[in-house]
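The next block holds one structure in the form of structure tokens; read it before the comments.
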2 protein chains.
Amino acid sequence: MDTAVASIRQTSVEHILAATEPVFAKHGFEGATMAQLAAAAGLPKANLHYYFGTKEGLYRAVLEGILALWLDDAAEWIVPERHPAEGFAGYVRAKMTHSRERPDASRIFADELLRGAPHIMMYLGIELRNRVTELAAVIEGWTARGLMDAVHPVHLLFNIWAMTQTYADFDVQIRAVLGKVSIDDAEFAVATETVVALVLKGCGVRPSEGRLP
Amino acid sequence: MDTAVASIRQTSVEHILAATEPVFAKHGFEGATMAQLAAAAGLPKANLHYYFGTKEGLYRAVLEGILALWLDDAAEWIVPERHPAEGFAGYVRAKMTHSRERPDASRIFADELLRGAPHIMMYLGIELRNRVTELAAVIEGWTARGLMDAVHPVHLLFNIWAMTQTYADFDVQIRAVLGKVSIDDAEFAVATETVVALVLKGCGVRPSEGRLP
DNA sequence: GAAATTCTTGACCGAACGGACAGGTTTGAT
DNA sequence: ATCAAACCTGTCCGTTCGGTCAAGAATTTC
């Protein structure tokens, strides 16, 4: 057999990671306590230490799961084969879906950045930076082919991340200002299409009629 | 005389608020310790307790100074008398300047929102909400006068805040991806004009030739 | 089925936490 | 010059922090 083995270790580790993510999201690394984390997992503190050694070990494990998520959206949508109208719209919608379905992941990443990225500096400066360079080349290619205006591609990406992730990171503010206890699907769809339109029109993306030149 | 009195209390309070802001920005409310805060102010812990009672009292005082800053930018720029080309550009540039000059203020606000706004829920749901309603009316007026496209005004504001504040909150990420130790004026100007262009073109703002209709 | 390994847990530890407070010092009004 | 009010701070306190450990329970291995 292949998948269904599910050793005790693997099961426990996955359970702890899933259960503690909301606690790290709510209190940050420094603010979360081992007692809270253990309570969220329904286990004694010593059990978390058995599997992850230290609080930082647990936090890094949670972070690594999030970083894996982070890089994949772009690779699917920001590619030369697509027209930018399709690429940007798809990318923005994918990021917005992430903000809706995994807000805690976004918040943990946001907290890590707010603190100066003490645990993921290497990731930012190497993996993320390389990936951004590739994406920037794709966007510049679109501009060169006359499919959109000349826009600084890296700052454009920063701004797309900012807009999409604000719906996860700062959703308290959004709910408070909208006067809603929770953001329903219709409201979220409005938000998504507002961001899509801002990006497409903001970049002067030509309508994608017919095939690519 | 009027200003130059500067009682000991006032001087001390202002000094402590200014000195502790970076500590709260770096570690958040929960992560900052009274010992760190006191060390940053160059005073014994007991001194901070003398003026602010508790850690939370000090934090709230810092927060209130920030909130006062927060609401004023919009009132100057998002007004019916201006053409949206001027209004949005001025507002974005003002917010970007804030991100450059008071990044710690933005980070403390961001941290508070990430934690679910435990100390400023009232502010969000009342003052901020009222202000946003007014701004939304101005933007809808611009649309009604044919000066820009129909864009959901509240989500537009969320996105402007997201883009401008990302340059304060997540500047580690920006510096790491750009490969710069610090963001120089030229780079920041590029960022600012990228955001301005995204907003103006994204909202279909007509060029502001001549006077308002 | 016995031995070895892995897992679980309550009890415990020193350090660091936010805060209290008494007593000394400085300041300002009279 | 006096004195009350305001200010300053070393020291202490109970609690909570992250982490350890020994010993027992469950599981795997042979």
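Letters A, B, ... are given to chains in the order of the sequence lines, protein chains preceding strands, and every chain is numbered from 1. The figures here come from the full heavy-atom set of this structure, side chains too, leaving out hydrogens, waters and symmetry mates.
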Handout entry: Nearest non-hydrogen partners of B:Pro84 and B:Trp142, listed with the distance
Key = CB-CE3, 3.5 Å
Fill in the blank from the handout: Sorted by position of nearest nucleotide on DNA chain C, 5' first, the leading residue of B:Thr54 and A:Ser12 is A:Ser12
Problem - Over 12 foreign heavy atoms within 6.0 Å of NZ, A:Lys26 - result: no
Exercise for the section: Identify which one of A:Ile174, A:Val195, A:Asp171 satisfies the side-chain contact (heavy atoms from CB on, under 4.5 Å) criterion when paired with B:Phe158. Expected result: A:Ile174
Practice task
Measure from NZ on A:Lys55 to P on D:dT16 and round the result to the nearest Å.
Solution key: 16 Å
Exercise for the section: Going 5' to 3' through nucleotides 23-30 of chain C, assign each nucleotide B (protein heavy atom under 4.0 Å from a base atom), S (under 4.0 Å only from sugar-phosphate atoms) or - (no protein heavy atom that close). Expected result: ----S---
Handout entry: Strand contacts (DNA chain D) in residues 31-50 of chain A, 4.0 angstrom heavy-atom criterion
Key = A:Ala32, A:Thr33, A:Met34, A:Lys45, A:Ala46, A:His49
Handout entry: A:Asp72 and A:Glu76, any side-chain heavy atoms less than 4.5 Å apart
Key = no
Practice task
Output yes when a side-chain donor or acceptor of A:Thr33 lies under 3.5 Å from a complementary backbone atom of A:Gln36, and no otherwise.
Solution key: yes
Handout entry: Nucleic acid contacts of residues 19-30 of chain B, taken as heavy-atom distances under 4.0 Å to DNA chain D
Key = none
Problem - Side-chain heavy atoms of B:Phe170 within contact of B:Gln165, under 4.5 Å - result: no
Handout entry: Distance test, side-chain N/O of A:Arg9 to OP1/OP2 of C:dT6, below 4.0 Å
Key = no
Problem - Check: A:Arg107 side chain, A:Ala168 main-chain N or O, donor-acceptor pair, under 3.5 Å - result: yes
